[in-house]
Amino acid sequence: MAEITAAMVKELRDKTSVGMMECKKALEEAEGIMEDAIRVLRERGIAKAAKREGRAAAEGLAAVAINPDCTEGTVAELNCETDFVSRNEEFAALVKQIAAQALADKPADLEALKGLTLEGGANVQTAVDDVRTKIGEKIELSTYARVSGDVVTGYVHPPGKIGVLLAADVEGGVADDKRTAVIEELRGIAMHIAAFSPRFLDESQVDNKTLDAEREIFAALARNEGKPEAIIPKIVDGKIKSFYKDNCLLDQAYAKDPSKTVVQVVEELSKAVGVKVKLTDFVRIQVGAKAEG
C-alpha cells in the first residue's frame, strides 16, 4: 500500500472540503492516487462542498465566552453560506464550543485556535470540516479575539450576528457587593457597542493615516461647496471633532441615554462604586464583515 502522508491528506481536503479522516480513508482506498481518491469521495456523496468553494461564507454566528471571575473573554466567528445553516443546532453548538475552548487554552492566534483539541478529542479544524461535510456548505472559522482586564463582559446580539467583548480596569479593585453593578453597566456599554459600531476606544487610538484621509475628504467637500480657502482649516477641524463623536466609543452619545456620552456614563459609574473605572479595550465582530470586505 502506498504511504499516505499528511501533505497528501491536506491536499485532498483542500480540493474537496471533506474532513481529514475521510480524506485519509479515500487515499488509502485509492492507493495514494489523488484523482482516484477524489472520485471515491464523490461516489460516496461527501465531496459536495467542493463545488461551493468559490462562494463567500458571509453568514454564520458569533459566540462569546467569559471566565467565571469576569477577567477574560473570547469571541469567535464561524461562517457559512446561508442563514438557514447558521440556525442549525450543531453549527451553533460548535461555535460556542470553540469560543469556550479558546477561553480555556488561550491560543495565540486564529491558526493556533484551529489546532486546539475540543472535548471529545477532535481538533477545532477537524470539527469544522466534519460539520461542513455533513451540511454541504462552505464553513470556515474566520475570526478569534480575546481581551482581559479587571472586569470583562460580553454581549451577543440576537440571533448571533454581532459579538462584543469589553474590558475595564478598576483602580484598587471593587468590592463584591458592587462588582455586579460594574458588570451590568459594562454590559450595557457592550450593547451600545453592538448598536453603534465604534471604530476606536478614544481619540488617542485614531491613527494618523485615518485622520489624514478624513481631513482630505472634508477639505475637498468644503472646496466643492465653494467655501473660501482661508476658512477650510477651521471647517476641517470641526468635522474632525464630529468624526471623533461618531467613531470613538468614549465620545459617542450613549445609546440608553443620548444626553450623556459614554465617558460620562463611566464617570458616573466610578462615583457610584467609589473607585475609578476606566474602559481599556473592546472588540466588535460583525458576522460576514470579512467575507464582504
Side-chain angles (χ1 to χ4, degrees), residues 61-77 95-96 98-100 102-104 106-107 109-110 113 142-176 178-207 244-258 260-287 289-290:
L61 294 173
V64 164
I66 306 291
N67 66 349
D69 61 0
C70 295
T71 57
E72 289 186 305
T74 57
V75 60
E77 176 188 359
V95 66
K96 290 178 182 178
I98 290 171
L103 181 66
K106 306 180 190 230
D109 52 30
L110 183 63
L113 172 56
S142 64
T143 312
Y144 154 66
R146 103 182 277 113
V147 302
S148 60
D150 293 334
V151 180
V152 172
T153 191
Y155 172 70
V156 175
H157 187 67
K161 302 302 182 182
I162 300 173
V164 175
L165 292 172
L166 176 63
D169 283 345
V170 181
E171 286 188 3
V174 59
D176 289 342
K178 294 183 178 179
R179 188 173 181 81
T180 299
V182 173
I183 292 171
E184 288 180 354
E185 191 66 77
L186 292 185
R187 189 171 186 276
I189 296 174
M191 294 172 70
H192 166 98
I193 292 169
F196 283 81
S197 310
R199 295 168 59 188
F200 311 96
L201 178 64
D202 56 27
E203 296 177 15
S204 69
Q205 289 193 350
V206 184
D207 58 279
Y244 287 142
K245 290 179 181 179
D246 290 339
N247 293 279
C248 295
L249 172 60
L250 294 179
D251 290 339
Q252 288 182 332
Y254 189 39
K256 291 184 177 181
D257 184 354
K260 304 173 184 177
T261 62
V262 172
V263 72
Q264 288 173 331
V265 171
V266 176
E267 289 170 352
E268 290 180 0
L269 174 62
S270 298
K271 291 179 182 178
V273 297
V275 290
K276 184 176 181 181
V277 179
K278 180 181 179 182
L279 303 188
T280 56
D281 195 12
F282 77 90
V283 174
R284 181 186 186 276
I285 288 178
Q286 176 86 45
V287 168
K290 287 188 175 181

Qualifying side-chain hydrogen bond (donor to acceptor under 3.5 Å, both in side chains) pairs, either residue in residues 149-159, two or more places apart: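 Those involving residues 149-159 are Tyr155-His157.
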Contact list for residues 160-170, test side-chain hydrogen bond (donor to acceptor under 3.5 Å, both in side chains), sequence neighbours left out: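 Qualifying pairs: Glu59-Lys161, Asp83-Lys161, Ser86-Lys161.
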Measuring from [X]:[atom1] to [Y]:[atom2], what's the distance to the nearest 0.5 Å?
X      : Y      : atom1 : atom2 : answer
Leu110 : Glu77  : CG    : CD    : 10.0 Å
Thr143 : Gln286 : OG1   : CD    : 11.0 Å
Asp109 : Leu113 : CG    : CG    : 9.0 Å
Glu203 : Lys245 : CD    : NZ    : 10.0 Å
Phe282 : Leu166 : CZ    : CG    : 8.5 Å
Phe196 : Asn247 : CZ    : CG    : 12.5 Å

Chi angles and distances behind the side-chain contact (heavy atoms from CB on, under 4.5 Å) call for Asp251, Thr261: CA-CA 6 Å; Asp251 290 339; Thr261 62; 6.0 Å; no
Nearest heavy atoms of [X] and [Y], plus distance in Å:
X      : Y      : result
Ile98  : Ala76  : CG2-CB, 4.2 Å
Ala253 : Pro258 : CB-O, 3.6 Å
Cys248 : Pro198 : C-CB, 4.4 Å

Counterpart residues, side-chain contact (heavy atoms from CB on, under 4.5 Å), relative to [X] (two or more places apart):
X      : value
Glu184 : Thr180
Gln205 : Phe200, Leu201, Asp202
Ala65  : Thr74, Ala99, Leu103

4.5 Å side-chain heavy-atom contact, Thr71 and Asn67: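 Contact flag for Thr71/Asn67 side chains = yes.
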Within-4.5 Å side-chain heavy-atom neighbours: Ile162 and Val287: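 When only atoms from C-beta onward are counted, Val287 and Ile162 do not touch, as no gap falls below 4.5 Å.
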Ser270 (side chain) donor-acceptor with Val266 (main chain) under 3.5 angstrom: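 Flag set: sc Ser270 to bb Val266 pair under 3.5 Å.
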Residues in salt bridge (Lys or Arg N to Asp or Glu O under 4.0 Å) contact with [X], at least two apart in sequence or another chain:
X      : answer
Glu72  : Lys106, Arg146
Asp246 : none
Glu268 : Lys260

Please report, to 0.1 Å, the donor-acceptor pairs under 3.5 Å made by any side chain of residues 186-195, with sequence neighbours excluded.
residue, atom, partner, partner atom, Å
His192, ND1, Ala255, N, 3.0
His192, NE2, Gln252, OE1, 2.7

For Asp207, all residues meeting side chain to side chain donor-acceptor pair (under 3.5 Å), sequence neighbours excluded: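 Applying side chain to side chain donor-acceptor pair (under 3.5 Å) to Asp207 gives Thr210.
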Partner residues of Ser148 under the side chain to side chain donor-acceptor pair (under 3.5 Å) criterion, sequence neighbours left out: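 Side chain to side chain donor-acceptor pair (under 3.5 Å) check on Ser148 returns nothing, list empty.
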Result block: side-chain N/O donor-acceptor pairs under 3.5 angstrom for residues 271-281, not counting sequence neighbours:
residue, atom, partner, partner atom, Å
Thr280, OG1, Ala167, O, 3.3

